[in-house]
2 protein chains.
Amino acid sequence: MDKDNLMQFVRKILPMSRDKAEQLVEKFQPMKIGKHEYLLKAGKVCSETHFIESGTLRAYTYDLDGNEVTTAFYVKHTFAADLLSFFKRDPAKEYIQAITDCETWYLTYEDMQANFHTIPEFREYGRLNIVEQYSQLKERMLSMLQETAEQRYSRLISSSPEIFQEVPLKYIASYLGIADTSLSRIRKEFAKK
Amino acid sequence: MDKDNLMQFVRKILPMSRDKAEQLVEKFQPMKIGKHEYLLKAGKVCSETHFIESGTLRAYTYDLDGNEVTTAFYVKHTFAADLLSFFKRDPAKEYIQAITDCETWYLTYEDMQANFHTIPEFREYGRLNIVEQYSQLKERMLSMLQETAEQRYSRLISSSPEIFQEVPLKYIASYLGIADTSLSRIRKEFAKK
DNA sequence: CTGATTTCTTGACATTTGCGAAGTGGAAGC
DNA sequence: GCTTCCACTTCGCAAATGTCAAGAAATCAG
């Protein structure tokens, strides 16, 4: 397992020389996580950020009635971490669980801080990365505000078809903010078209 | 008009000495914006971030059917800006409009960048500020996922009662993701309790 | 392979919310 | 002062979604 995918991802967000990029990803270390295992549990401080080489994970929390609410899916070649816990050093409110076996490259908070202080490109990358996550969250927010459940489903299946290969539909339902029975109906309607 | 409120806000997010804080807020300049005027228009790059000394603003965009969707309210003693446009230097997708007459302290992107490079505390503040915004957006996202319109209304009125003093209800409705007639019904039910 | 568990679908029914139209009250402009 | 416009409410009905319960289908464990 080499770091090519990680390098490619990093340079896409902030174009830089190959040398700089290599310096930047140097501290990432490999990890394996088995299906159903946890990358993070609520109550613990998120101390690493993981670039997913292979596999799929999800983040979830509980609503006031005790129901699971899936807040994010993490697919290969993206980063998985609880940003808030990671940067604020607060206990996480979410669980991050492997849906399939996963391989990741992870960076600890300490290593990241060290690089922030010594590599200007890394700082800039760090900020842009947060802005990028904010951007995605905002799009999802807008989608919740102005689209119907069917439109959100349609959007998800065309933007991230991989998710549907590996993730149980009930998780997708709670991610879309609807009951699993409603998703089932929507899929039925959707198939007709 | 002095910068006390600004200083206080900045130091709340990242505690630091009074000297450092003064250095940090030095570049902020005063501006006045009249009711109904725009602080930012869609298509333009957001080139300043505004700390609101007094007044209220809202951000909005249009959905696919051409309806206004209110995405944020900015009340006094918080920052107003299109984060994505500001940091990515992309054209904004939103309008930011004054709902009442406003006074702000603003900082240009260039001044911010300059300070980022020379003052470590400023960098750290900048990152934490984004994380803070991300945190608020995430809470709103969760609220959309798991709460009913009435619960969202209830939450907003208790967390930000000021908004209801100055903002037309139809904007609040679109912020909550519901039709203005539905908000009207919800308020009626809510008043009974 | 078999039984147990989980996931997914379906149906009936209740609730929430949206939409269009109508009406009221108040603010703004002339 | 009068008129116009805008914000807000209300009503009736339609559409979307939730809840609960049952059963089919897929998956897992031994």
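Letters go in sequence order (proteins before strands), and every chain restarts at 1.
Taking the six-membered ring for Trp and thresholds of 30 and 60 degrees, A:Phe116 and A:Phe122 have ring planes more than 60 degrees apart, a perpendicular arrangement. Aromatic ring pairs are classed by plane angle as parallel below 30°, tilted from 30° to 60° and perpendicular above 60°; the pair B:Tyr175 and B:Phe73 is tilted.
Atom CD of B:Gln146 and atom P of D:dG18 are 13 Å apart (whole Å). Atom P of nucleotide C:dT10 and atom CZ of A:Arg187 are separated by 10 Å, given to the nearest angstrom. One can place NZ of B:Lys170 at 7 Å from C1' of D:dA7, the figure rounded to the nearest angstrom. To the nearest angstrom, P of D:dT17 lies 11 Å from CD of A:Glu189. D:dA7 atom P lies 16 Å from atom CD of B:Glu166, rounded to whole Å. One interatomic measurement links the two molecules: CG of B:Leu169 to C1' of C:dG25, which rounds to 14 Å at whole-angstrom precision.
Of the residues in residues 57-68 of chain B, not one places a heavy atom less than 4.0 Å from an atom of DNA chain D.
Applying the side-chain hydrogen bond (donor to acceptor under 3.5 Å, both in side chains) test to every pair with at least one member in residues 75-87 of chain B, sequence neighbours left out, gives these pairs: B:Asn5-B:His77. Pairs of residues two or more places apart, or lying in two chains, that qualify as side-chain hydrogen bond (donor to acceptor under 3.5 Å, both in side chains) and include a residue from residues 17-36 of chain A are A:Gln29-A:Tyr106.
For the side chain to side chain contact (heavy atoms under 4.5 Å, CB included) test, residues two or more places apart in sequence or in another chain that qualify with B:Phe164 are B:Tyr153, B:Leu156, B:Ile157, B:Leu169, B:Ile172, B:Arg187. In this structure, the side chain to side chain donor-acceptor pair (under 3.5 Å) partners of B:Gln113, at least two apart in sequence or on a different chain, are B:Tyr109. Listed by chain and number, the residues in a side chain to side chain donor-acceptor pair (under 3.5 Å) with A:Glu147 are A:Ser143, A:Arg155 (sequence neighbours excluded). With sequence neighbours excluded, the residues satisfying side chain to side chain contact (heavy atoms under 4.5 Å, CB included) with B:Lys138 are A:Leu84, A:Glu94, A:Leu137, B:Tyr134. Shown here are the side chain to side chain contact (heavy atoms under 4.5 Å, CB included) partners of A:Asp90, two or more places apart in sequence or in another chain: A:Lys88. Under the side chain to side chain donor-acceptor pair (under 3.5 Å) criterion, A:Gln8 pairs with no residue at all, not counting sequence neighbours.
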Check: protein-nucleotides 24-28 of chain D nitrogen or oxygen pairs below 3.5 Å:
unit_1 : atom_1 : unit_2  : atom_2 : d
D:dC28 : OP1    : A:Lys35 : NZ     : 3.4

Please list, pair by pair, any protein nitrogen or oxygen found under 3.5 Å from a nitrogen or oxygen in nucleotides 15-18 of chain C.
unit_1 : atom_1 : unit_2   : atom_2 : d
C:dT17 : OP1    : B:Ala149 : N      : 3.0
C:dG18 : OP1    : B:Ala179 : N      : 3.4
C:dG18 : OP2    : B:Ala179 : N      : 3.0
C:dG18 : OP2    : B:Ser182 : OG     : 2.4
C:dG18 : N7     : B:Arg185 : NH2    : 2.9
C:dG18 : O6     : B:Arg185 : NH1    : 3.4

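A centroid separation of 6.0 Å or more is found between the aromatic rings of B:Tyr74 and B:Phe79.
A 6.0 Å sphere centred on NZ of A:Lys93 holds no more than 12 heavy atoms belonging to other residues, nucleotides or ligands.
At its two ends the helix from C:dC1-D:dG30 to C:dC30-D:dG1 runs along axes set 60° apart, each axis drawn from five pairs and the angle rounded to 10°.
Side-chain proximity of A:Lys188 to C:dG11, C:dC8, D:dT9: nearest is C:dG11.
The shortest side-chain heavy-atom distance between A:Glu48 and A:Leu107 does not fall under the 4.5 Å cut-off.
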